[in-house]
Amino acid sequence: MAGKTLYDKLWESHVVHEDEDGTCLIYIDRHLVHEVTSPQAFEGLRLSGRKPWRSTSIVANPDHNTPTDHWERGILDPISRLQVETLDQNIKDFGALVYFPFKHENQGIIHVIGPENGTTLPGMTVVCGDSHTSTHGAFGALAHGIGTSEVEHVLATQTLIAKKSLRMLVNIDGQLGRGVTAKDVALAVIGRIGTAGGNGYAIEFAGSVIRNLSMEGRMTICNMAIEAGARAGLIAADDKTTAYLKGRLHAPKGADWDKAVAYWNTLHSDEDAVFDSVIELRAEDLAPQVTWGTSPEQVLPIGGRVPDPAAETDPVKRTGIERALLYMGLTANTPIEEIYLDKVFIGSCTNSRIEDLRAAASMVKGQKKAASVKQVLIVPGSGIVKRQAEEEGLDKIFINAGFEWREPGCSMCLAMNADRLVPAERCASTSNRNFEGRQGPGGRTHLVSPEMAAAAAIAGHFVDIRNQI
Amino acid sequence: MKAFKEINALVCPLDRANVDTDAIIPKQFLKSIKRSGFGPYLFDEWRYTDHGEPGMECSRRPLNQDFVLNHVRYQGAQILLARDNFGCGSSREHAPWAIEDYGFRVIIAPSFADIFFNNCYKNGILPIVADTAVVDKLFSACEASVGYKIAVDLETQRVTLPSGETFGFDITPHRKHCLINGLDEIGLTLQHADEIRAFETKHKAAQPWLFN
């Protein structure tokens, strides 16, 4: 019999019940909750007179709507404020293991605070009413986004109704070149398989490139698995995983720690495991990536040129390219390096961790932002990240460069708060989606790594950072 | 949840691939703490020429006459015809809430994004995966003929075209049962409460740190 994949192991260890048609009840260990996708779920509980099955599985905090400056003013938008206050009330009424309300010193993006407080652990099932829950797969956990009805279902039953996904292995071997980051690997994978390429799959990322990445880098890659269509991204637990978790607030302690580590060491795909699909990439083939269009699959290496729809033979794809160029205000065949920016955003659950901020700061080197760039936002992923960055003096580097050093939150990744683009503004962004209107109606987003974003802020246009480091 | 058994209704063709949930319902409408009232803001940035905000009265907003949902011939459509990877992007259930509130009960596409696909079933919407060739044919037929209606029968899992041609579609028995009967899944799952408790006890004994 063939060995098991990591996904098989995680799935099988959580099946509570299986129907004849393969529909399963999966036990959920960790439920992350934020203010946008939970109010209707809590309301559903109240209306049906139900209580949470296990409120100590809940880790919650507001992040989407919260402002990133002038916290002393509170939340000015009354509708946003009501949503955040509704979360306060729901947690007060129903309980949680961890709750960081707005302005708490550890508040941040839910996918940043989960791991950094040791509430995301290998071997867990993790869900959240947020598609970027795939982030937590970096710890050898089975983590995926769910809708609000499912949030209510997990609250009430501690289970999720699901069918097993197919298994895809994305193997990346070799040595990444200077200036080529986890974000570039993620974008290159999406460019290769497309935004629907992972539909129906859980993707395990493996190979020497993944093993050599930090936990922060691994989270960036798993975070973007959803942009390839996969509900879950996975990376086997190893010594880096345990080193990251040791001593964190909710990580196991004492004898539990040793027992946990022994179990976590089994959380990898067996040598003879069989995958339904295998994709191979070579690190040496990868350059810094920049998206040019309105889907993350519309991505090119920095040395590329904006595509020409005339060269596309598939009519649906050609129309897609034409529509994207029109929306993005780009001309076919323009070199990526000649794309000029109005704003730069460094943050989001993809790239707002301490390593991302260090990487961005390393590109500044005492320089100032280009005069043509109107605003550069640096939004740390959590209070803990913010304090760490300040201890290291990164905030000074950014402020001296003319960048804005903000409070933690989702911010201009999805522009639910006041941080947003105005129509036709062009932004280099370390976030995860370049959809039409994502960063503000009519806004134009180019997805890049923190290093590429910082370098673009200084130059005013995209540059090949491999020439600078 | 509204039950869904069968429908014979007008088809509206949305000829774009990778329609994402930000397009289906833009983020400003996600600030609502309610489940209802999203229909007027469905595809807001494509549908209107002004900028929409929650609570706006939409009946007087300027319409984008080029957008298919605004074409007179598609008013009252209950079946949405779409392209590959429909519903990609965020997990927001506001997307199916908006689609259902607008009046669509069926979406036919060559492929759907996973989370959106799953969310549809929780809201009385039937997403049907059809071969690209079938979808191409439906787009042509729909655009060629004003008032193009098709019949969808969930019981027999068949779609019937005006020409009399039919094609079948897949759905898991669990989802079919819930949709046809408009069932609350939580109630069904809680019938397994003893199994969940037994699993939890065993799981806690093996990995106590998960319950700290």
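A note on names: the letters A, B, ... follow the listed sequences, proteins ahead of strands, and every chain is numbered from 1.
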A:H144 and B:D114: side chain donor to acceptor below 3.5 Å: no
Any donor-acceptor N or O pair under 3.5 Å, side chains A:T37, B:E93: no
Crowding at NZ, B:K137 (>12 non-hydrogen neighbours, <6.0 Å): no
Atom NZ of A:K51 with >12 non-hydrogen neighbours under 6.0 angstrom: no
Any donor-acceptor pair under 3.5 Å from A:Q83 side chain to B:L30 backbone: yes
Donor-acceptor under 3.5 Å (A:E43 side chain, B:K34 main chain): no
Verdict with reasoning, B:W97 to A:Q40, per side chain to side chain donor-acceptor pair (under 3.5 Å): CA-CA 12 Å; B:W97 292 338; A:Q40 299 85 353; over 6 Å; no
Between B:G55, B:S111, B:G89, the one whose heavy-atom pairs under 4.5 Å with chain A are most numerous: B:G89
Is any side-chain N of the basic residue among [X] and [Y] closer than 4.0 Å to the acidic one's carboxylate O?
| X | Y | result |
| --- | --- | --- |
| B:E200 | A:R54 | yes |
| A:E322 | B:R16 | no |
| B:K204 | A:D256 | no |

Taking all non-hydrogen atoms of both residues, which atom of [X] and which atom of [Y] are closest, and how far apart?
| X | Y | value |
| --- | --- | --- |
| B:A17 | A:V316 | CB-CG1, 4.2 Å |
| B:K27 | A:G440 | NZ-N, 3.7 Å |
| A:A156 | B:L190 | O-CD2, 3.9 Å |
| A:P252 | B:W209 | CB-CB, 3.5 Å |
| B:S90 | A:S131 | CA-OG, 3.5 Å |
| B:P208 | A:K259 | CD-NZ, 4.1 Å |

Side chain to side chain contact (heavy atoms under 4.5 Å, CB included), paired with B:I33, selected from A:L87, A:N90, A:L82: A:L82
Aromatic plane relationship, A:H14 with B:F199 - under 30° parallel, 30 to 60° tilted, over 60° perpendicular: tilted
Aromatic plane relationship, A:Y27 with B:H203 - under 30° parallel, 30 to 60° tilted, over 60° perpendicular: perpendicular
Criterion salt bridge (charged side-chain N to carboxylate O under 4.0 Å, His left out) on B:D170 and A:K163, from CA distance to verdict: CA-CA 14 Å; B:D170 288 333; A:K163 280 190 88 165; over 6 Å; no
Side chain / backbone / both / neither for B:P26 at chain A, heavy atoms under 4.5 Å: neither
Test salt bridge (charged side-chain N to carboxylate O under 4.0 Å, His left out) applied to B:K31 and A:D77, step by step: CA-CA 10 Å; B:K31 294 176 185 178; A:D77 176 352; 2.6 Å; yes
